[in-house]
Each structure stands twice: as C-alpha cells, then as structure tokens.
Amino acid sequence: MTAITSLAVLPEEMSLARALAAIAPHGVRTGCRLIRDGDETHLLPEEARSLPARQPAMRRASGAARWIAHRLLADIGIHDPIPRAPSGAPVWPDGMTGSLAHDDDMAVAALAEVGDIISLGIDVEPALPLPDDIFALVATSADRMDRSDLHLAGRLLFVAKEAVYKAVYPLDRQVLGYEDIAVDLDARRATTRIGRKLSLVYCTAPRIVVLAFVGGVEV
Ligand SMILES: CC(C)(COP(=O)(O)OP(=O)(O)OC[C@H]1O[C@@H](n2cnc3c(N)ncnc32)[C@H](O)[C@@H]1OP(=O)(O)O)[C@@H](O)C(=O)NCCC(=O)NCCS
C-alpha cells in the first residue's frame, strides 16, 4: 500500500514509512512525519477553528498529522479539511475513514475508502517498555500476549487499546476504558465490551504503531 513521508525525508521517517506500508491492510494508506517547528501552520482554517485552545506543542502535532492526511487524501483527488468533532474524533470526508495519532516527536495517519474497511484506528508510541504502574492500569486477565516480545508487550498492549478505541468510537459512540477492550496480541484480534471485533496489525521498530480495523482483509 502507499505510504508517504515529508518532502525532505529524514531517516526515521523513511524507516517508519516502510514499516507502515509493510503492515497496512489492503486499501489502507498510511504516512508519518517527524513533528517540526511551524507544523501548526499546516492546519486549514476550519481545522484550526475546530481544535480547542491547546498548548503550542499539541497544535504542532495536530498540524503534522493533518499534513500527512491532506497528502494521502490529495493522492486520491480529495482536498477537504479534517476538522475535529467535539468528541475529539476527526471528521473525514464522505466515504472515507481514517485515524490520526502523535507522540512527542512523530505523527502518523491512516485512511481508507469505506468499503471492505469500515473503520480504522491508529496509535504511535516510542518503542520503550511501559512503566509497571501504567501496565497495571492497562492490562486485564482477558488480554493475551504470551508469544509477544515481552520487553515491549506492555507498550504494545497500551497502543493497541488506544487504536481500538479510535476505530470503534465513530461506530459505537461509547467512551471505553482499558478494561472494556480485550486484546489478543498473539492472534492480532481485539474485542470490545459490546462484542465489536477488530483486527490488529503492528510494527515495533522504529516506533510502536498499531492499526486496528473493523472489516477489511489483511495483507
Ligand atoms: C482518543 C484518545 C485515546 C487519544 O489519545 P491521546 O494519547 O490523547 O492522543 P493520540 O496522539 O494518540 O491521538 C490523538 C488523536 O486521536 C483522535 N481522536 C481523539 N478523540 C477521538 C475519538 N473519540 N475517536 C477517534 N479518534 C479520536 C484525534 O484525531 C486526535 O488528534 P488531533 O487532536 O490532532 O485531532 C484520548 O483522547 C481519549 O479520548 N481518551 C478517552 C478514553 C480513554 O482514554 N480510554 C482508555 C483507552 S481505551
């Protein structure tokens, strides 16, 4: 699948773009961008108005993620803005589904035409172990990660649950906690408390990114 990075591509962007392209399910377009000074200027006026007053770093991150998404949309001839709904969810042009995420340094985006893929969620985090206190909040006895890289399994679980939440919120309009999502990293599946089933794909280098999706066919 198509993956894009910035125009002056930095090595970590190239590496992550390749990793995303390798995991993306059929029909899903992905991209990444290291967040740069001035990235808030990539917000279109409607997008800038839709974002709540926030710290400059957050606006930069939102601008970087939309920079990616604008290009992914432009590739298929769509030039619409992606404002933020009051719920926080991005509002995609008709017929499209997608998701945005950013950690302190990197922004990522994924989108697909609604069809086989019904909804998408993405999250990104540095490839570092999850602190024990956060792991205790995120993991439940319903989660399975026996065959995963133990060093990163906790972080992967955290990223997976956030990606699942972003994929299901637009469908179910329910605020979920970590305890409401059961993740099987080994089988690359997740189930929410109302029985919504998702597929997961992920990479762990150079960053952890999970794409969660409802519908679709994996590559
Ligand atoms: C959605 C949420 C998990 C995002 O987490 P985050 O670490 O703050 O931020 P990320 O960088 O990963 O993602 C931010 C993007 O998520 C997207 N997003 C926010 N709320 C969303 C929602 N309800 N549905 C889908 N996507 C959403 C937005 O595109 C946002 O980017 P933007 O601010 O530039 O528009 C968080 O904002 C939230 O709503 N949490 C409440 C529920 C929760 O935390 N449950 C436990 C996890 S399951």
Side-chain angles (χ1 to χ4, degrees), residues 16 30-35 39-44 46-70 72-73 80-93 96-112 114 117-126 128 130 134-140 142-143 154-183 190-194 196 198 200 202 207-214:
L16 185 57
T30 57
C32 62
R33 176 175 174 86
L34 277 166
I35 300 165
D39 271 354
E40 64 279 7
T41 60
H42 298 304
L43 293 168
L44 299 173
E46 185 182 340
E47 296 170 346
R49 281 195 299 274
S50 71
L51 290 168
R54 308 161 114 186
Q55 294 180 344
M58 289 300 292
R59 290 188 87 81
R60 264 201 300 281
S62 295
R66 282 172 175 77
W67 182 95
I68 305 161
H70 294 156
L72 293 172
L73 286 171
D80 294 350
I82 310 151
R84 196 179 206 262
S87 66
V91 181
W92 296 95
M96 303 300 300
T97 179
S99 186
L100 310 174
H102 17 79
D103 63 23
D104 287 349
D105 303 306
M106 183 71 83
V108 293
L111 70 86
V114 176
I117 298 276
I118 296 164
S119 192
L120 269 180
I122 195 168
D123 196 33
V124 59
E125 285 271 320
L128 298 170
L130 196 68
I134 302 186
F135 181 76
L137 289 174
V138 171
T140 75
D143 298 319
R155 181 80 63 171
L156 200 44
L157 190 64
F158 173 75
V159 175
K161 291 195 180 192
E162 300 236 331
V164 166
Y165 178 69
K166 291 181 196 177
V168 297
Y169 183 87
L171 302 175
D172 301 330
R173 303 275 158 193
Q174 289 185 340
V175 177
L176 300 179
Y178 297 110
E179 67 283 4
D180 297 320
I181 301 169
V183 168
T191 310
T192 69
R193 70 168 184 231
I194 63 160
R196 176 80 69 184
L198 300 97
L200 308 174
Y202 61 81
R207 276 163 199 266
I208 296 181
V209 177
V210 177
L211 260 171
F213 53 100
V214 179

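As the structure lists them, so they are numbered: ligands from 1, and atoms in each ligand from 1. What's counted below: heavy atoms across the whole structure, side chains too, no hydrogens, waters or symmetry copies.
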### Task
Report all protein residues having a heavy-atom distance below 4.0 Å to some atom of ligand 1; order the list by chain, then number.
R54, S62, R66, R84, S87, G88, A89, P90, L100, A101, H102, D123, K161, E162, Y165, K166, Y169, L176, Y178, I181
### Message
Is it true that E162 and Y178 share a donor-acceptor pair across their side chains at a distance under 3.5 Å?
### Response
yes
### Query
Hey, are D180 and K161 close enough for a salt bridge, meaning a charged N less than 4.0 Å from a carboxylate O?
no
### Query
Does R196 have any salt bridge (Lys or Arg N to Asp or Glu O under 4.0 Å) partners at least two apart in sequence or in another chain, and if so, which?
D172
### Task
Identify, with sequence neighbours excluded, every residue that meets salt bridge (Lys or Arg N to Asp or Glu O under 4.0 Å) alongside E125.
R155
### Task
With sequence neighbours left out, write down each residue that passes salt bridge (Lys or Arg N to Asp or Glu O under 4.0 Å) with D80, or none if nothing qualifies.
none
### Task
State whether D39 and R33 are salt-bridged, where the test is any N-O pair (Lys NZ or Arg NE/NH1/NH2 against Asp/Glu carboxylate O) under 4.0 Å.
yes
